[in-house]
Amino acid sequence: MEAARNNPYLAHMHNGGNAATGGQGGPNEAFNALVPLSTTSAQQEAVENDACNGLTGRPFTQKYKDILAKRRDLPVNKQRQKFLDLIHKNQFVVLVGETGSGKTTQIPQYMVFDMLPQVDGKMIACTQPRRVAATSVAQRVADELDVKLGQQVGYSIRFEDCTSSNTVLKYCTDGMLLREAMSDNLLSRYSAVILDEAHERTLNTDILMSLMKNIASQRSDIKIIVMSATLDSEKFQKYFNDAPLLTVPGRTFPVEIYYTPEPERDYLEAAIKTALQIHAAEPEGDILLFLTGEEEIEEACRLLHARGDDLIRRANCGPLLIVPLYSTLPPNMQQKIFEKAPEPRSKGGAPGRKIVVSTNVAETSLTIDGIVYVIDPGFAKQKVYNPRVRVESLLVSPISRAAAQQRAGRAGRTRPGKCFRLYTEKSFNNDLIEQTYPEILRSNLGSIVLQLKKLGINDLVHLDLMDPCAPEVLMRALELLHYLGALDDDANLTDIGHLISEFPIDPQLAKMIISAPNYGCTNEVLSIAAMLSVPNVFLRPREAQRAADMAKAEFAHMDGDHMSLLNVYHAYKGCSEPSQWCWDNFLQLRSLKAADNIREQLRRVAAKSNIPLLSNDFNSADYYPKIRKAMTAGYFMQVAHLERNGQYLTVKDNQIVLLHPSSVLERKPEWVVYNEFVLTKRHYIRTVTEVKPEWLLDIAPHYYDLSGFPPCEGKRILEKIALKNALAQEEQETRKRKKETSEKKDKKDKKDRSDKDKKDKKDKKEKRDKRK
DNA sequence: GAGCACTGC
């Protein structure tokens, strides 16, 4: 109680924040005795053991007490005092804890009791890379603290803010906190920020880490905790000014690792063999097989079905449930991974088994219970960025040792498991890289650079990132933003740049939206932007490709794919039963719903930025051309020209590209804008719409300064038009000059005339006067 | 005439 007397906030606490409600509750004495940034583990436990909730004044429920017992048992609780000591003495703490340590749920609560956010009005934030994690952990912690979700504990993710003025602990996606920082550069609403899953090194986490380091140097009152699951803690410690490290053991079961003695030539074949061998020889327990993509997974499932049936017949094995899993799979199909393994065919017969064949989605995003065996061929599709051609693409490549470890861990969540790696141990040690390259080294940074500018970080070259990005990638981003008019010649944010940065989408898309009012078509452009921001809406199941193509043709627009997307969106908004309608038309309902959500968000941003929401008369001949002009204002850097040999060449880069076969365009328009450059066996441009070369010169004259263009037909055509424009302009000017000269002459004549008139009048008057 | 790992504002 000594501390309580010294607590300057105590009076406030007793009077306000902690009033008992309903008569049955009461103050939590231990809670009221807490002093910010000096609590002990014992004090905190006393607060939790009290009869009443310090945060609400209400008596604790039985449910609370049941959960509390389990929380006390978590590995992280044994280190509570150590953690508090570290955070009292340091601004940064790095915490490493494996699965099951309890760090994500407990550490933020320790911080709540230690910083007493209800006293100074500043919140504790805990960031997650994914939305589901933010919402589900917030719910769990609300239960643990015996409060209603959205009150003292809440979450904030895109499209959903579940917080209130009472919120002291907020779980949010890292992207959300970054957005907040764009309008509050010092994150002044927070007294502590906990960055969770930092080892994943997502783009947003990396930026956020840099930002927090920057903020910490300006705010000595803020505490920052970086939590990670890997043992690569030294890098984090070093980055955060030699921060102290706390290691918390996890709670998982051992996983035995097996390697192949020789390298496998065909990993798909090897994977299927291994799965069936496990089924034939290993005890009960489900299998998780990692493959790289949809097509491979469907193929593997077909083979497993065929050979599995054969095996079951011959070897009297139990029945198999084979389930594919990838993110674009419809939700009802995804649910299948939670089904139980099938029962034995006869009582006492061999047990059934579930085989989940999955992409990386099962590595971090989805947890499947009951997995005992993991098969890891060692490959995944990974994003790579080529700044030279400004293209992001997906490439099947070997995973890292950290990812392999993560995959193996999936076998030991419920009991001891086994992991079969389809590569040699030597290969694991010598060929695999230690960590997957962080996303920031594999991405186009256009949007990120704009965000950084908005965050008040101007010196990008000396930006303090954990892994600095390649200068060429930065250059490309700056170049793009400069051409869009978002940055001036000194790389400072312009008014346009401020506007663009308000939109949570690609800068080109945002530019298209803010240009739309010039063409009176904001509403339509918002719809197109939303449709371009979601995964492909068109489904094309292998068994119904023709029917799907026919359904798609119904939406085709002769101007191109963007207008077809607009047709789809309008039709979707007009249909009465979206679910049935989507099924009938081979459309992805999930994507359309997402598009609708995004459109609403974009509309709100536009309205807030005073961008008028306009539409042209649908029957006007200009309706579509005006939309295409607005698109050109955003995408003038992604234009291709059809050369006379029938090949498209991208403008300025002179890359040979093909219209993607998914395009609705049946003819080949001479000039097109494209949304995406797809790099597979060939170079494709996907989602394509016809434009006019005159527009390019009108709308983006700074980009279409032809002197810097490599020679090609497109350039010659543009030059001709430019010449014509120049001549026309000259002619116009000449005419204007002539008109001016003649006007001047007229004016002079008029003046002369009027002078003469005056003189005549005067003379006449004089004459009259004389006569008098 | 062909793909679409996964997130996120």
Side-chain angles (χ1 to χ4, degrees), chain A residues 127-134 156-161 172-183 197 200-208 290-299 325-329 358-366 379-384 392-397 399 403 406-407 436 438-439 442-443 447-448 450-451 454-455 500-507 509-510 533-542 545-546 548-549 588 591 594 597-598 601-602 604-605 658-666 676 678-687:
Chain A
T127 69
Q128 299 291 324
R130 279 169 294 280
R131 296 203 291 221
V132 269
S156 173
I157 58 176
R158 188 180 191 180
F159 306 126
E160 217 183 331
D161 182 10
C172 59
T173 46
D174 38 23
M176 200 70 201
L177 194 64
L178 217 46
R179 273 278 144 193
E180 249 188 89
M182 285 169 67
S183 51
E197 313 287 2
E200 287 192 24
R201 302 293 307 277
T202 67
L203 212 54
N204 285 338
T205 307
D206 268 23
I207 301 295
L208 211 45
F290 284 103
L291 290 176
T292 63
E294 171 176 345
E295 204 176 283
E296 202 177 75
I297 286 169
E298 295 293 352
E299 172 73 9
L325 176 65
Y326 42 89
S327 72
T328 52
L329 201 67
S358 172
T359 62
N360 262 356
V361 73
E363 199 178 291
T364 46
S365 305
L366 268 169
F379 291 96
K381 276 193 188 167
Q382 286 174 321
K383 188 170 74 177
V384 286
E392 279 181 349
S393 49
L394 287 169
L395 208 65
V396 173
S397 32
I399 60 170
Q406 176 80 17
R407 286 180 172 188
T436 311
E439 210 185 345
R442 300 182 282 123
S443 307
S447 189
I448 289 294
L450 191 67
Q451 280 188 49
K454 183 81 180 173
L455 288 165
I500 292 179
S501 72
E502 292 294 321
F503 288 90
I505 46 174
D506 282 346
L509 282 176
S533 305
V534 297
N536 187 11
V537 294
F538 297 107
L539 292 172
R540 198 166 185 260
R542 181 184 286 262
Q545 292 184 342
R546 274 198 49 182
D549 290 346
Q588 182 86 273
S591 290
N597 265 331
I598 291 176
Q601 190 190 23
L602 298 179
R604 273 202 306 269
V605 174
L658 298 169
L659 278 190
H660 197 272
S662 66
S663 177
V664 300
L665 283 169
E666 283 173 352
E676 243 184 316
V678 190
L679 204 67
T680 49
K681 283 176 206 139
R682 292 161 161 173
H683 294 177
Y684 290 104
I685 48 176
R686 187 160 52 191
T687 315

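Partner of A:N360 under the side-chain hydrogen bond (donor to acceptor under 3.5 Å, both in side chains) criterion, out of A:Q382, A:Q406, A:K381, A:R407: A:R407 alone.
Nucleic acid contact class of A:R158 (heavy atoms, under 4.0 Å, all strands): base. Nucleic acid contact class of A:L203 (heavy atoms, under 4.0 Å, all strands): none. Within 4.0 Å of A:T173, counting heavy atoms only, lie sugar-phosphate atoms of the nucleic acid but no base atom. Within 4.0 Å (heavy atoms only), A:F159 reaches no atom of the nucleic acid at all. Within 4.0 Å (heavy atoms only), A:R540 reaches at least one base atom of the nucleic acid. The residue A:E294 sits close to a base: some heavy atom pair falls under 4.0 Å.
A:T173 contributes no side-chain N or O that, together with a main-chain N or O of A:I157, makes up a donor-acceptor pair within less than 3.5 Å.
When distances are taken from the side chain of A:S327 to each of B:dC6, B:dA2, B:dC9, the shortest belongs to B:dC6. When each of B:dC4, B:dG3, B:dA2 is scored by its nearest atom to the side-chain atoms of A:S662, the top-ranked nucleotide is B:dA2.
One atom, CG of A:L366, and another, C1' of B:dA5, lie 13 Å apart when rounded to the nearest Å. Per the geometry, CD belonging to A:E439 stands 16 Å off P belonging to B:dA5, to the nearest Å.
Mapped onto DNA chain B by nearest heavy atom, A:N360 and A:V132 fall at different nucleotides, with A:N360 at the one closer to the 5' end. Closest-nucleotide positions on DNA chain B for A:L394 and A:F503 were compared, and the one nearer the 5' end corresponds to A:L394.
Remark: the A:Y326 side chain and the A:E296 side chain contain no N/O donor-acceptor pair separated by less than 3.5 Å.
For the atom pair CD1 (A:I685) and CG (A:L659), the distance works out to 5.0 Å, reported to the nearest 0.5 Å.
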